[in-house]
Amino acid sequence: MHSPDTATIRWAPFHPLVNKEMWEVLSGRALWTMLLILCPLVGYSFVQAVSLYSEASSAARESAALASGLSPLDGILVPTFGAFYVAVTLLFPFVAIRVLGREKESGALRLLVQLPYRASTLIASKIVAVAAAWAVATIPVISALVVWAVLDGHLYAAETINLLLGHLLYGLLIGAIALFAASVSESSATAAIITLAFTIGSWVLDFALAGQPGLLEWISRLSLTQTLRPFEQGLLSAGLVFGIVGTIGGFAGLATIWLHPGVALLAKLVRSLFCVAVAGGIVFLATQVRTSFDLTEDRRNSFPAADESALAMLREPLVITVRLAPEDPRYADLRRNVIAKLERTLANVSVRLAASGQSVIGSASEEAYGDVAYSYAGRSATSRSTSHREVLPLLYELAGMPVPAPIPGQDYPGYPLVANGQTALPWFFGVLPLLIGIFWWWSCRAPRVPQLFKDGGQS
Amino acid sequence: MKISKALKAIAVANLVLAVLLPHADAEQPKKIDFSDETVGADPKSFLGVVGVWRIEAEDNNKVLVVDGRQWKEGQASAGLADKARALYGDRYAEFLDRVQAFAYFPYAVANDVSDFRNGEITIRFKGVSGRIDQAAGILFNLKPNGDYLTVRANPLESNLVLWKFEKGKRSSVKWIRNTPTPSRQWHELKVRIAGSKVEGYLNGKRYLEHELPGPVSGRIGLWSKADSYVYIDDFVVAPAD
């Protein structure tokens, strides 16, 4: 067998390798089976979402105030992409594992590593193929968006693209884990078990630990599904994107390290430790990045514009002491309505949970439970409200600022739509699966390795 | 003779007063049907403490709506409820009830009732949507620090439960199964309180009975859970003393 060192010194063009990986993915059954399953899954979710949205819209047509609460992001996009998320979590690993697992099982990997490519180049080409497979898998959800637009539904480009980006990163993350699992396993079945341990383990974390305080809360943040939430809320968080890309890079790095069968186990372990340390460092740095953008049309993650401008002038540290249990719904409302927005707006905000046992002020008394104390510039005030309408004037008072006048004309109009989603059922349950079946049949006739040797694979 | 007639008149008047006075002392039932509220606005008769509560119109009738559709905080992930349903079948709702991630409980407090101790509280409700829950509850015994009790029905689960909340932590006190309350239909939920005794009625039938450790005293209101989207109408308070 060829030495790994000699394989790394030669150079060859990237695209024949990518072409080969693309055909590997497209000619496999896993992707097409996933697509066929996705059609009814996405279709059912979409039709249900349209039905509920229409029902809410019928009541909203007579009221502008009620209509303003109807956002296609929550009503249509997130539920429809929810079905896609389930399929990517459970089925996409099999597609990604195939990109590497089949070569390991057939022994082709031993030949592949002798080609004039670095191991990292081989993994990079497989990541590109995984991304292409993800793009193909989005056909049902993209078609759902088209159907929504045809039904005269509203789509706001920024929040739609942001949601797509979130699912792309999630898909690549699953793909990178699957590649890592395939590289350390001798069989695709073992790789599938390892990958599903990550994905289903995330659900276990979601179920068991979400809402728990302290260390358990930190562990629950390791859940893969957590990565999608900000995107579903219309937030583009630079730290989150940085962290996911770092994690994808980490798993890709591990896959690279474990790819070559000719490297000693000890060397692989040492390199893996280094890779994990680097990826961990990147993720840690990512958690320190607080920049985020509210891409929703209704600006749900932000205070009104006048308040945002006024709050931007507060330079002193703001300390918020909350005497609520983390699982108390009032704390959930306070976080969503006030704290999360303050953290996005102010440079220096710290939140202490007095009831969590980690507070510097000790446990809250029975009567004080529910109090929220705000300390700014040496002054403090207490409130039990979870609404920004009460909290912001209190902050202005602490800062000695006047309450800003609201800027008119910035109200979100809402997009009520009464439509019959049932008309899309034949598309998702008949036409689209048929088209996918035809294309699958066509792709099976295509050559499996068409361009590799023609386009310079022998150089 | 005139004195005798006057005495008779006084005696009759006393008799009439003796019969009528106890009824005059008792508070009249208070009904909130939201007819004077503004569609699309927050309710004037209730203060929404947790969650989104607003007035909507169903045909020509104004109703109070709890809207959990936009609730995201604490929600484990999109489609997780469906996965739980697939994994656990009919028991998924009970399973989700134990999951911290779904622990989001909207409630609204009636503005005009400062202390309710004895009597009946009745609501009509209709579960419209909600994949995790479609809960409608009557909240009572609300203390200044936020502790309270609630009796709630749920069209998704067809059960009636008395819940206790202390410092934001929830625990079930009494759990009654098989109380049919289909979605998208109006139902009547009633709580009768006599001192420390609580009774829960659904569509006129008594399902729940429980003796609390102490007498009920505090504010009252409405309660819901997670992603429930529920219509509520005809909130009637009938104090017994």
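The chains referred to below are lettered A, B, ... by the order of the sequence lines, with proteins before strands, and numbering in each begins at 1. Since we're looking at a predicted model, the values are computed, not measured.
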Side-chain (B/R170) to main-chain (A/D328) donor-acceptor, under 3.5 angstrom: no
Donor-acceptor contact present, side-chain A/Y369 to main-chain B/K167, <3.5 Å: yes
Heavy atoms from other residues, nucleotides or ligands near OH of B/Y207 exceed 12 (cutoff 6.0 Å): yes
Over 12 non-hydrogen atoms of neighbours within 6.0 angstrom of NZ in B/K143: yes
Proximal component of A/E55, with respect to chain B [non-hydrogen, under 4.5 Å]: side chain
Residue, of B/V49, B/V50, B/V128, that accumulates the most heavy atom pairs under 4.5 Å with chain A: B/V50
side-chain hydrogen bond (donor to acceptor under 3.5 Å, both in side chains) partners of residues 39-48 of chain B, not counting sequence neighbours, each pair once: B/E37-B/S45
B/F165, part contacting chain A, at a heavy-atom distance under 4.5 Å: neither
Minimum heavy-atom distance between B/G168 and A/P329, given as atom pair plus value: O-CD, 4.4 Å
Modelled atom types, side-chain donor and acceptor of B/Y104 and A/D333, under 3.5 Å: yes
CZ on A/R384 to CG on B/N145, rounded to 0.5 Å: 6.5 Å
Rounded distance [0.5 Å steps], CZ in A/R330 versus CZ in B/F105: 12.5 Å
